2 protein chains.
Amino acid sequence: MVRQKIMNAGLRVTPQRMVILDAIQGMNNHPTADDIYLAIHPANPGISMATVYKTLETYVDSGLLQKVYTREGQMRYDPRIDNHGHIYCTNTGEIIDFYDDELNKIITAFFRKKKVSNIRISNISLQINALKTDPGKSISIK
Amino acid sequence: MVRQKIMNAGLRVTPQRMVILDAIQGMNNHPTADDIYLAIHPANPGISMATVYKTLETYVDSGLLQKVYTREGQMRYDPRIDNHGHIYCTNTGEIIDFYDDELNKIITAFFRKKKVSNIRISNISLQINALKTDPGKSISIK
DNA sequence: GTTGCTGCAAATGTTTTGCAATCAG
DNA sequence: CTGATTGCAAAACATTTGCAGCAAC
């Protein structure tokens, strides 16, 4: 399944690429390159940091992953590639996915009726900055 | 006027702070720390890079500036602190401000009617990824 | 066989830090 | 006067690069 995804993206299938793609798909925390390296290192001590970086960049270029820019400055990677937003918790540092179909439709409709000139919009996402009231519990928007 | 803003933020007024705040307010390109350093350097060769970084960070903490996270990884600073969005031009690398009052109202209304639990939303902004059709010309959304 | 991928170590670029001297209030 | 701010140089950190060897197709 991971192998298929890599092939479909037109990339060569290597053991390193399979391990890395598999790892990031099992995480839902928007890991950094280092997070991924640490996660795979015990079982794959031979895979280098440089390979992790190169592979992630390759995946972003191929559309298998998205990059998420953070307040802290280092890049994070996101296995979800649909048009979803992110909730940045100011106090806990968490980045939580946010998706709402209705809101997506509203925003899409809004831009469709606007006169947009000289650009082709490829994707629109929402960035929500928020304070987590109780850091121990999870949040919800329904 | 710059002096007043610094005082109102509860900060000590120093020549360096005045120069830096004045410089960034005259730019509307979301400058990096380096951009600001280069802009002020000719007239103020004594102001160090470290001071530029410390001062910008102080301003962000005090709410005088916003940080903008970029695809390229380095931080940019934005003198606009209202709830505005950014258009990231994939091909030119530009970051253009986007503000629409109607859209702001739509999004605010949307979240007001939602059940939001365990967070207090402080600010919501839109990130628009787009391709500039003609890199020479400017873009518009009306 | 050819092309692209990997790992290493070194390089790069940005941002932060420790600390003594200086300045604002 | 006192505590905050500055400048310097060094350090820290994330990410990229060059290149020789190796692996995928």
Side-chain angles (χ1 to χ4, degrees), chain A residues 2-24 30-41 43-62 64-65 67-77 93 95, chain B residues 2-24 30-41 43-62 64-65 67-77 93 95:
Chain A
V2 176
R3 156 171 253 118
Q4 268 310 315
K5 278 200 181 179
I6 299 171
M7 285 183 71
N8 292 346
L11 302 171
R12 281 198 184 174
V13 179
T14 68
Q16 292 90 336
R17 287 186 172 169
M18 296 211 294
V19 168
I20 291 169
L21 188 55
D22 191 58
I24 191 171
H30 311 91
T32 61
D34 198 53
D35 290 336
I36 295 161
Y37 176 77
L38 291 175
I40 64 174
H41 190 71
N44 308 272
I47 300 183
S48 73
M49 197 68 205
T51 298
V52 172
Y53 272 106
K54 285 172 190 165
T55 303
L56 290 172
E57 215 47 37
T58 303
Y59 286 160
V60 171
D61 290 346
S62 310
L64 259 52
L65 298 177
K67 266 190 177 178
V68 183
Y69 335 133
T70 72
R71 181 171 252 106
E72 289 75 35
Q74 92 267 55
M75 288 293 172
R76 293 181 170 273
Y77 296 85
I95 302 174
Chain B
V2 176
R3 158 170 252 118
Q4 268 310 314
K5 278 200 181 178
I6 300 172
M7 285 183 70
N8 292 346
L11 302 171
R12 285 199 181 174
V13 180
T14 68
Q16 292 90 337
R17 285 186 174 170
M18 295 212 292
V19 167
I20 291 169
L21 188 55
D22 191 59
I24 191 172
H30 310 91
T32 60
D34 198 54
D35 291 336
I36 294 161
Y37 177 77
L38 291 175
I40 65 175
H41 191 71
N44 307 272
I47 300 182
S48 74
M49 197 69 205
T51 298
V52 172
Y53 271 105
K54 285 172 189 164
T55 303
L56 290 171
E57 215 47 38
T58 303
Y59 285 160
V60 171
D61 290 346
S62 309
L64 260 49
L65 298 178
K67 267 190 177 177
V68 184
Y69 336 132
T70 72
R71 180 171 251 106
E72 289 76 34
Q74 94 267 55
M75 286 295 171
R76 294 181 171 271
Y77 296 86
I95 301 175

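Nothing here was measured: the structure is a model prediction, and the numbers come from that model. Order of the sequence lines fixes the chain letters, A, B, ..., with proteins taken first and strands second; residue numbering starts at 1 for each chain.
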Atom-pair distance ([atom1] on [X]; [atom2] on [N]), nearest Å:
X: A/Ile6; N: D/dA23; atom1: CD1; atom2: C1'; result: 15 Å
X: B/Glu57; N: C/dT14; atom1: CD; atom2: P; result: 16 Å
X: A/Arg17; N: C/dG4; atom1: CZ; atom2: P; result: 11 Å
X: B/Glu72; N: C/dG13; atom1: CD; atom2: C1'; result: 13 Å
X: A/Arg76; N: D/dA14; atom1: CZ; atom2: P; result: 11 Å
X: A/Tyr69; N: D/dT15; atom1: OH; atom2: C1'; result: 16 Å
X: A/Asp61; N: C/dC5; atom1: CG; atom2: P; result: 12 Å
X: A/Leu38; N: D/dC13; atom1: CG; atom2: P; result: 14 Å

Nearest to side-chain heavy atoms of A/Arg12, which nucleotide of D/dA23, C/dT6, C/dT17: D/dA23

Among C/dT14, D/dA4, D/dC25, the one nearest B/Gln74 by side-chain distance: C/dT14

Sugar-phosphate only, base, or nothing, as touched by A/Gly46 at under 4.0 Å among non-hydrogen atoms: sugar-phosphate

Sugar-phosphate only, base, or nothing, as touched by A/Met49 at under 4.0 Å among non-hydrogen atoms: nothing

For [N], does either OP1 or OP2 sit under 4.0 Å from a side-chain N or O belonging to [X]?
X: B/Thr14; N: C/dC23; value: no
X: B/Tyr53; N: C/dT15; value: yes
X: A/Ser48; N: C/dC8; value: no
X: A/Thr58; N: C/dC5; value: no

Main-chain N/O of B/Leu64 paired to B/Ser62 side chain as donor or acceptor, under 3.5 Å: no

Residue whose closest nucleotide on DNA chain D lies nearer the 5' end, A/Ala33 versus B/Val52: B/Val52

B/Thr58 and B/Asp61: CA distance, side-chain angles, deciding distance, side-chain hydrogen bond (donor to acceptor under 3.5 Å, both in side chains) verdict: CA-CA 5 Å; B/Thr58 303; B/Asp61 290 346; 5.8 Å; no

Side-chain touch [X]/[Y], heavy atoms, less than 4.5 angstrom:
X: B/Arg76; Y: B/Asp35; answer: yes
X: A/Tyr77; Y: A/Glu57; answer: yes
X: B/Asp34; Y: B/Met49; answer: yes

Nearest-nucleotide comparison on DNA chain C, the residue closer to the 5′ end among A/Lys54 and B/Leu11: A/Lys54

Of B/Pro15 and B/Asp34, the one whose closest DNA chain C nucleotide lies more 5': B/Asp34

